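Since the model is a prediction, treat every value here as computed from it, not as a measurement.
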Amino acid sequence: MDAVANPPEERKTSRFIPLTRRAVIAELCNDPAGKSNRADFVSLALRLQAHRGHFYRKLGEEMRSTYLPFSPDRDTVRVLQFSAEEKADLSDRLYALTRNLLDRANYSVLSTEQLNAILNEETPYALRIAVDLAEYDELQLYYRDVYVREYAVRRPETLYLLKAHYRVRTFRRLFVLLKLKSAEAVTAEIAQKRGISQERAARFVRNQRKALPPGISTDHIYVKVFKDMPEHDLQILFPLRTVQFRPFDKIKFFATAGGGTLFGAFTTTGKILAATNPIALLGAFIGFVALLARQISNFFNQRTRYMMELAQKLFFHNLANNRAAL
């Protein structure tokens, strides 16, 4: 019998109405009771649309100019220089404008409590990703239109014979705005929280952030828009994340790699003891090194498959980045 997971509870009702203004105007104009006033209504609708368009063009221009000092995709020469206080005011203004615009667009906020609950949930897929929300100076997540999608996945616990069925909440649109904390700020927080020296905390932060691309800066604000994003895949959206093996894969790897390595060491030891010339000794040693290299290669190949799964999900769900998202 297939395993069936309980459907997740709805956290908030969607406010999104999947209709365009043109479709609403056309439907209202087709009302037989209002045919005599059709021309007047069309004129009113077009004037109202032009008025709203002018308002949003002004809002969009203000958001783009406010975002420019923090944009990672800026292709113009930086002429204006801002002090730390001025940049703080600009970033606060950008955050407020973003919240206001998303609320007007019928997006719902994903609170920190809801996000922590999602990050701590068990997922049906191979990826196990750890995310530390304390790494971010600003984090905004908004979603619009939630629906439930069904998945069927063969699990290793049943030797891939049975399928486990999952009903997963999916965000039709997901907006993410984030800004990383400076390395100095994170170092001070870790040193205070763990009671260690600044040097040890700084080494920990460097190791944690060494996987970031060279162009990533704590001065930038990153904006992303995704489509059809499953709730349990939110972990992959964060730039600072730790990809971990599943418990089953850990057991499988250590069983095969450990057993193979021990058998190889035992065999090599026997050959060395039985060897009577240097060439035989060298051959036994080369064979043992090749066995170790193969086990290490299997480890990295498994990790590469995990990273490929992560990259494919990001590629096919991404709609827009930074300035294009605004």
Side-chain touch Glu62/Arg93, heavy atoms, less than 4.5 angstrom: yes
Take Arg172 and Tyr143 through the test side-chain hydrogen bond (donor to acceptor under 3.5 Å, both in side chains) and record every step on the way to the result. CA-CA 8 Å; Arg172 196 173 301 277; Tyr143 63 91; over 6 Å; no
State, yes or no, whether a side-chain contact exists between Asn318 and Lys227 at a heavy-atom distance under 4.5 Å. no
Is any side-chain heavy atom of Thr170 closer than 4.5 Å to a side-chain heavy atom of Val148? no
Do Lys224 and Leu237 have side chains that approach each other closer than 4.5 Å (heavy atoms only, starting at C-beta)? no
Quick check: closest heavy atoms across Pro69 and Phe82, and the distance to 0.1 Å? CG-CE1, 3.7 Å
Would you check if Phe70 and Lys87 make a side-chain contact, meaning some heavy-atom pair closer than 4.5 Å? yes
Before you tell me yes or no, could you show the steps for Gln235 and Leu119 under side-chain contact (heavy atoms from CB on, under 4.5 Å), namely the whole-Å CA-CA distance, both residues' side-chain angles and the distance that decides it to 0.1 Å? CA-CA 7 Å; Gln235 296 96 325; Leu119 296 179; 3.4 Å; yes
Can a side-chain donor-acceptor contact be found between Tyr142 and Asp103 if the only test is distance below 3.5 angstrom? no
Nearest 0.5 Å, please: how far is CE in Met63 from CZ in Arg323? 14.0 Å
Looking at Leu19, I'd like to know if its CG atom is crowded, meaning that more than 12 non-hydrogen atoms belonging to other residues, nucleotides or ligands lie closer than 6.0 Å. yes
Is it true that Tyr56 and Arg104 share a donor-acceptor pair across their side chains at a distance under 3.5 Å? yes
With no hydrogens and no angle check, is any side-chain donor or acceptor of His232 less than 3.5 Å from a backbone partner on Ile118? no
Looking only at heavy atoms, what is the nearest atom pair of Gln198 and Thr187, with distance? OE1-CG2, 3.4 Å
Over all atoms of both residues, closest heavy-atom pair of Tyr136 and Pro239: OH-CD, 3.5 Å
Rounded to the nearest 0.5 angstrom, the CG-OG distance for Leu180 and Ser182 is 10.0 Å
Can a donor-acceptor pair be found, under 3.5 Å and without considering hydrogens, that links the side chain of Ser91 to the backbone of Ala88? yes
With a 4.5 Å cut-off on side-chain heavy atoms, are Asp228 and Arg149 touching? yes
Short side-chain to backbone donor-acceptor contact, Thr98 and Leu94, under 3.5 Å: yes
Could you check Phe226 against Leu319 for side-chain contact (heavy atoms from CB on, under 4.5 Å), going step by step and ending with a plain yes or no? CA-CA 5 Å; Phe226 298 91; Leu319 271 183; 6.0 Å; no
What distance separates Leu178 CG from Phe238 CZ, expressed to the nearest 0.5 Å? 7.5 Å
Verify, without hydrogens or angle tests, whether Asn116 (side chain) and Thr112 (backbone) share a donor-acceptor contact under 3.5 angstrom. yes
Would you name the heavy atoms of Ile221 and Tyr95 that are closest together and state the gap between them? CD1-OH, 3.6 Å
Under 4.0 Å between a Lys/Arg side-chain N and an Asp/Glu carboxylate O for Glu138 and Arg99? yes
Give a yes or no on whether Arg52 atom CZ has more than 12 heavy-atom contacts from other residues, nucleotides or ligands under 6.0 Å away. no
Heavy atoms from other residues, nucleotides or ligands near CD of Gln192 exceed 12 (cutoff 6.0 Å): no
Evaluation steps, side-chain contact (heavy atoms from CB on, under 4.5 Å), between Leu234 and Met229: CA-CA 8 Å; Leu234 293 186; Met229 178 59 65; 4.1 Å; yes
Looking at Leu177, Ile216, Asp73, which hits side-chain contact (heavy atoms from CB on, under 4.5 Å) with Tyr222? Ile216
Output all residues satisfying side chain to side chain donor-acceptor pair (under 3.5 Å) with Lys179, sequence neighbours left out; order by chain, then residue number. none
Min side-chain heavy-atom separation Val176-Leu174 under 4.5 Å: yes
Are the side chains of Val131 and Leu133 in contact, using a 4.5 Å heavy-atom criterion? yes
Could you pull out the closest heavy-atom pair between Ser197 and Ala191, with the gap in Å? O-CB, 4.2 Å
Candidate pair Thr20 and Val24, rule side-chain contact (heavy atoms from CB on, under 4.5 Å), full reasoning: CA-CA 6 Å; Thr20 63; Val24 172; over 6 Å; no
Write down the atom of Lys181, the atom of Asp137, and the distance for their closest heavy-atom approach. CG-N, 3.4 Å
Charged N to carboxylate O under 4.0 angstrom, Arg64 versus Glu61? yes
